[in-house]
Student: 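Here's a structure for you.
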Amino acid sequence: MSTTAPSQAQEHEPSHDASHEPARSRSVDGALARAVDVARAALLEQVPASDVGDHLGAVAEGDRVVTHSFGCSRAGYRGWRWSVTIARASRQRTATVDEVVLLPGDEAIVAPAWVPWHERVRPGDLTPGVLLPVDEDDPRLVPTYAFGDDVDETLDATLDEDDRGQVRRVAKELGLGRVRTLSVEGRDLAAERWYEGDGGPEAPIAKAAPDACTSCGFLVRLAGPLSTMFGVCANGNANDDGRVVSLDHGCGAHSEVRIARKNLPAPLPDPVVDELTLDDLERF
């Protein structure tokens, strides 16, 4: 079994972030750098020999603390490497194994960054019976009792936990209905989402439309501040029926659309009554 000389160990590129290194580079402990056999033996106690490749080098982790790296030949772990950290006490030559771990290298295939479940939910993911709770401090909502149904942009919607609890109790006792309503931020987020979506002016169907929804008789305007920008389509023949559309959206089902006379189908001829009988056929 081959070993790595101290000079070679010092030339090995460290596997951890160099930003955590002190200004003065650490020197690799010579006795620990030569203890490749000790590190490999500790590794083979944890994993099969078929999963261990060549010794890749050693790097100093601290005073009399060295990490040896070995290639990983386990199927599915290309680019990974085994790291065995060993140390020794002052004036002692015997190495002690600290830990054995499998770490990804620069070319390793690793799992994507974890994203909380509530951030992964997309429209259409909810199925019957599935609940999607809203955080108590969701900035899209404010207490109806304190701010009313139409939130003014000058109101401060910042409340602590005690205030939220009190608002809920008062709203329940007074039977005010909705405990929370849409905040200015929530309203702006919805407007931005709707305007940039399929119901906005940049949708392909809107760019090819003969006119905008603002002049369509099937448009039902929303109430409140959003009424200046959006409405709901009430045309059962349109793709956007029952959906929120911007006033500058449009489609081919506009209420005032008329087809040019030249594009109309040719009129059918007047009906002809067939008066021929069997007697008439015999004369032929």
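In what follows, residues are counted from 1 in the order of the sequence shown. In what follows, every heavy atom counts, from backbone to side chain, and hydrogens, waters and symmetry copies are set aside.
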Student: Do other residues, nucleotides or ligands put more than 12 heavy atoms under 6.0 Å from Asp54 CG?
Tutor: no

Student: Please walk me through it: do Glu202 and Lys207 pass side chain to side chain contact (heavy atoms under 4.5 Å, CB included)?
Tutor: CA-CA 7 Å; Glu202 297 301 319; Lys207 291 183 176 181; 3.2 Å; yes

Student: Considering non-hydrogen atoms only, spot the tightest contact between His249 and Ala203 and give its length.
Tutor: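 For His249 and Ala203, the tightest heavy-atom pair comes out as CE1-CB, 4.1 Å.
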
Student: In the structure I gave you, are the side-chain heavy atoms of Ser83 and Thr67 within less than 4.5 Å of one another anywhere?
Tutor: yes

Student: If we only count heavy atoms from C-beta on, is the Val232 to Val245 side-chain gap below 4.5 Å?
Tutor: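 Val232 does not reach Val245 side chain to side chain.
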
Student: Does a side-chain heavy-atom distance below 4.5 Å link Arg221 with Thr214?
Tutor: yes

Student: Report yes if the side chains of Val66 and Val59 come closer than 4.5 Å at any heavy-atom pair, otherwise no.
Tutor: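 Contact flag for Val66/Val59 side chains = no.
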
Student: Closer than 3.5 angstrom, by distance alone: can the side chain of Ser255 be matched with the main-chain N or O of Gly217 as a donor-acceptor pair?
Tutor: yes

Student: Would a 4.5 Å heavy-atom cut-off, applied to side chains only, mark Val142 and Thr181 as touching?
Tutor: yes

Student: Check the orientation of His55 and His68. Use parallel for under 30°, tilted for 30 to 60°, and perpendicular for over 60°.
Tutor: tilted

Student: For Ala238 versus Cys233, what's the shortest heavy-atom pair and its separation?
Tutor: CB-SG, 3.9 Å

Student: Please walk me through it: do Trp194 and Leu226 pass side chain to side chain contact (heavy atoms under 4.5 Å, CB included)?
Tutor: CA-CA 11 Å; Trp194 295 343; Leu226 291 175; 3.8 Å; yes

Student: Working to the nearest 0.5 angstrom, can you tell me the gap between Leu182 CG and Arg187 CZ?
Tutor: 7.5 Å

Student: Considering non-hydrogen atoms only, spot the tightest contact between Asn235 and Ala253 and give its length.
Tutor: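 Closest heavy-atom pair between Asn235 and Ala253: ND2-O, 2.9 Å.
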
Student: Are any of the side-chain heavy atoms of Trp82 and Val101 separated by less than 4.5 Å?
Tutor: no

Student: For the backbone of Arg243 and the side chain of Asp240, can you confirm whether one donor and one acceptor N or O come within less than 3.5 Å of each other?
Tutor: no

Student: Count I, L, V, M, F, W, Y as connected when their side-chain heavy atoms are under 4.5 Å apart, and connections chain through other members. Are Leu189 and Val244 then in the same cluster?
Tutor: no

Student: Going by heavy atoms in the side chains, are Cys216 and His254 under 4.5 Å from each other?
Tutor: yes

Student: When clusters are formed by joining ILVMFWY residues with side-chain heavy atoms under 4.5 Å apart, either directly or through shared neighbours, do Val36 and Leu102 land in the same one?
Tutor: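 In one cluster: yes.
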
Student: Can you measure from CZ (Arg88) to OG1 (Thr96) and round to the nearest 0.5 angstrom?
Tutor: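 With rounding to 0.5 Å, CZ (Arg88) is 10.5 Å from OG1 (Thr96).
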
Student: If you compare all heavy atoms of Ala42 against all heavy atoms of Val97, which two are closest, and at what distance to 0.1 Å?
Tutor: CB-CG2, 3.5 Å

Student: Is there a path of hydrophobic side-chain contacts, each under 4.5 Å between heavy atoms of I/L/V/M/F/W/Y residues, joining Val65 to Leu32?
Tutor: no

Student: Please say yes or no: joined through hydrophobic side-chain contacts below 4.5 Å, possibly via intermediate residues, are Leu247 and Met229 part of one cluster?
Tutor: no

Student: Can you find a pair of side-chain heavy atoms, one from Val84 and one from Phe70, that are under 4.5 Å apart?
Tutor: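 Yes, side chains in contact.
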
Student: Specify the closest pair of heavy atoms between Phe230 and Ala191, including all atoms of both residues, with the distance to one decimal.
Tutor: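 Scanning both residues, the minimum pair turns out to be CZ-O, 3.4 Å.
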
Student: So with a 6.0 Å cut-off around CG of Asp51, is the heavy-atom count from everything else above 12?
Tutor: yes

Student: Determine whether Ile86 and Leu44 fall in the same hydrophobic cluster, where Ile, Leu, Val, Met, Phe, Trp and Tyr are linked whenever their side-chain heavy atoms lie under 4.5 Å apart.
Tutor: yes

Student: How far apart are the closest heavy atoms of Gly224 and Ser227, and which atoms are they?
Tutor: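 Heavy atoms only, the tightest pair is O-OG, 2.6 Å.
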
Student: Give a yes or no on whether the backbone of Leu56 and the side-chain of Ser69 come within a donor-acceptor separation of less than 3.5 Å.
Tutor: no

Student: Tell me whether Arg140 is salt-bridged to Glu185, with the criterion being a basic N under 4.0 Å from an acidic carboxylate O.
Tutor: no

